[in-house]
S.K.: 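The structure under discussion is supplied below as structure tokens; questions concerning it will follow.
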Number of protein chains: 2
Amino acid sequence: MARLPEYLRALHNLAETGHETVSSEGLANAAGVNSAKLRKDLSQLGSYGTRGVGYDVGLLIDQIEYVLGLTQRRAVALVGVGNLGHALAGYDGFASRGFRIAALFDADQERVGEEINDLVVLHIDELPRVAAEESIAIGVIATPAAAAQRVADQLVAVGVTSILNFAPCVLSVPDGVDVRKVDLAIELQILSFHEHRKASLTALPAAGGSALTALPGGLAVTESQEAIGT
Amino acid sequence: MARLPEYLRALHNLAETGHETVSSEGLANAAGVNSAKLRKDLSQLGSYGTRGVGYDVGLLIDQIEYVLGLTQRRAVALVGVGNLGHALAGYDGFASRGFRIAALFDADQERVGEEINDLVVLHIDELPRVAAEESIAIGVIATPAAAAQRVADQLVAVGVTSILNFAPCVLSVPDGVDVRKVDLAIELQILSFHEHRKASLTALPAAGGSALTALPGGLAVTESQEAIGT
DNA sequence: CGCGATTTGTGCACGTCTTCACAAGCGCCT
DNA sequence: AGGCGCTTGTGAAGACGTGCACAAATCGCG
Ligand SMILES: NC(=O)c1ccc[n+]([C@@H]2O[C@H](COP(=O)([O-])OP(=O)(O)OC[C@H]3O[C@@H](n4cnc5c(N)ncnc54)[C@H](O)[C@@H]3O)[C@@H](O)[C@H]2O)c1
Ligand SMILES: NC(=O)c1ccc[n+]([C@@H]2O[C@H](COP(=O)([O-])OP(=O)(O)OC[C@H]3O[C@@H](n4cnc5c(N)ncnc54)[C@H](O)[C@@H]3O)[C@@H](O)[C@H]2O)c1
């Protein structure tokens, strides 16, 4: 489930504040989900709660980390050390959440050799050599969209089967390779959409205005906390 | 629908490459979705295709931009000009997709006054004044998690009703305020989960090993292109 | 030792999303 | 003008996710 990481973060917070156990209600609150949903999710892991008490925080953390495959610190290769790549390379949130940035790559000779957080930027052509030395579990693409597909191909070629793509484009990859995309502009546009809806709703108390603003049935936007007003 | 922005991006690509019309199949391909799904989504906007021909690219772009509320260039306020904030502030993908970064804020006096892309970083206390001068549609939070809730409250206080949160924490906001979250580590953990699953599947051809790795029914992870192997 | 308070695990029903499949509509070519 | 191929729009079926509500289980306390 995609909610497991969220639970994990909430659990770590709870552990730091000294909680030994937590009820489904409490954890659900901290993670921003329904308690029934959380219990159902957790029961999929093999049921590790005690009725009348709740869940053992430490045990649950171990459980989830195991299921997520975080027992081994996975190596991440970052390709494209530009504007965004720099921020990612300098981010300490990776290390604390089970990942290790193993290598930085770029195609620009100007960038190659630059040092960020004790890591030297390598030329993208070095990718096969580095991949041979240490097993790269995940590739992160932070290049312009035009180069993303090519980089993806290169990553796949050296055996990477999980890709996180920041470039605004769809990647085509062979079966067995998993790619997730993060697109800033899309997030903003979804917010804009809600803004537009909220605006037209308040402007027109009831009866629909344009057939476009007053969409039938209310368009649902998945994920994220939401709190559309009255 | 959350897929509209994806369609929009694909349509812009098509427009740039000279296409005047596009079939649902073609657009669905470019956006990485099922063609029936795409047609159903588009029919919600009021049906603008011609049978036997397809959709008019330009018209469809206008349609979607209108529904997403992109006819007006929305003002974005970015709070937290650190590692990530710098990258966001310097990103030109905002402007080209219907947004305008209107102001940068930070609490650190060291940062205040710094200039990024013709924009001067202001102290967070200036937020009410700036918000009064120009209507801020969306607030982006790129501060540490510890400060995120406080910043969210400040944004809400000046009338911001849409928030994009990069800090790894859940925000509580009043009804009517919409918040979306982007969490890097969660994306990586989901990929790690799939890696773990793939690894244990290949290791154990059939009969289940640990009750934890071989989860019943296959856990689904929503969103993103996926291509889980055999 | 038993009882009540508390919390988990889950059956069930409901609404939503997805996909297939096909009739209806449109344009082009003859 | 008519037919043919292509494409849209949508009905229906199925899969899926969600949330309620409650029985079963456990602990603490008298
Ligand atoms: N900057 C942001 O805040 C931001 C936000 C969201 C999405 N993005 C997306 O992330 C991507 C990168 O953005 P950016 O602002 O860092 O751009 P950038 O131009 O600053 O950086 C791109 C880097 O990729 C390198 N590169 C180009 N082709 C390459 C190749 N074939 N192999 C390896 N490296 C290559 C370039 O040398 C450059 O260093 C873009 O697709 C952008 O749309 C950026
Ligand atoms: N750097 C990344 O690549 C990255 C990736 C994903 C998520 N994040 C998250 O984004 C957030 C920012 O990351 P970062 O690396 O830029 O951190 P950072 O420490 O470099 O920057 C944080 C900035 O926020 C400012 N700030 C702190 N409190 C503030 C307040 N109350 N009001 C206004 N500004 C305030 C600080 O002065 C600092 O400039 C963090 O929550 C981090 O977990 C970062």
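Only a predicted model underlies this, so the values are computations on that prediction, with no experimental measurement involved. Below, read A as the first sequence line, B as the second, and so on, with proteins coming before strands; counting in each chain starts at 1.
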S.K.: How many angstroms lie between atom CD of A/Gln189 and atom CD1 of B/Ile138, to the nearest 0.5 angstrom?
M.R.: 9.5 Å
S.K.: Determine whether any donor atom in the side chain of B/Arg51 lies under 3.5 Å from an acceptor atom in the base of D/dT8, or the reverse, and answer yes or no.
M.R.: yes
S.K.: Within the structure, does a side-chain N or O atom of B/Ser47 lie under 4.0 Å from either OP1 or OP2 of D/dG9?
M.R.: yes
S.K.: Output the rounded distance in Å from CG (B/Leu38) to P (D/dT8).
M.R.: 9 Å
S.K.: Expressed as a whole number of angstroms, how long is the span from A/Leu60:CG to C/dT8:C1'?
M.R.: 13 Å
S.K.: Please report the C-alpha distance between B/Lys198 and A/Ser162 in whole Å, then the side-chain angles of each, then the deciding distance to 0.1 Å, and finally whether the side chain to side chain contact (heavy atoms under 4.5 Å, CB included) criterion is met.
M.R.: CA-CA 10 Å; B/Lys198 281 183 278 196; A/Ser162 290; 3.8 Å; yes
S.K.: Should B/Asn34 be listed as having a side-chain N or O under 4.0 Å from OP1 or OP2 of C/dC17?
M.R.: no
S.K.: Without decimals, in angstroms, what is the distance between B/His19 NE2 and D/dT7 P?
M.R.: 13 Å
S.K.: Taking everything shown except B/Arg150 itself, do over 12 heavy atoms lie less than 6.0 Å from its CZ?
M.R.: no
S.K.: Do any side-chain nitrogens or oxygens of B/Tyr55 fall under 4.0 Å of OP1 or OP2 in C/dC26?
M.R.: no
S.K.: A/Met1 CE to D/dT18 C1': how many Å, rounded?
M.R.: 11 Å
S.K.: Figure out the CG/C1' separation between A/Asp41 and D/dT18, and round it to whole Å.
M.R.: 11 Å
S.K.: Which nucleotide sits closest to the side chain of B/Arg39: D/dT10, C/dT19, C/dG9?
M.R.: D/dT10
S.K.: At less than 4.0 Å, is any side-chain N or O atom of B/Thr50 found next to OP1 or OP2 of C/dC26? Yes or no.
M.R.: no
S.K.: Let me know the distance between CZ of A/Arg3 and P of D/dG19, rounded to the nearest Å.
M.R.: 9 Å
S.K.: Could you say whether A/Gly52 or A/Ser43 is positioned toward the 5' end of DNA chain C, judged by the nucleotide with the nearest heavy atom to each?
M.R.: A/Gly52
S.K.: Tell me whether the side-chain N or O atoms of A/Lys40 pair up with the base of D/dG19 as donor and acceptor below 3.5 Å, since no angle test is needed here.
M.R.: yes
S.K.: Quick check: are there more than 12 heavy atoms from other residues, nucleotides or ligands sitting under 6.0 Å from CD of B/Glu25?
M.R.: no
S.K.: Decide whether B/Asp56 and B/Tyr48 meet the rule of one side-chain donor and one side-chain acceptor closer than 3.5 Å.
M.R.: no
S.K.: Rounded to whole Å, how long is the line connecting atom CG of B/Asp56 with atom P of D/dT7?
M.R.: 16 Å
S.K.: Given atom CG of A/Leu4 and atom C1' of D/dG17, what is their separation to the nearest angstrom?
M.R.: 16 Å
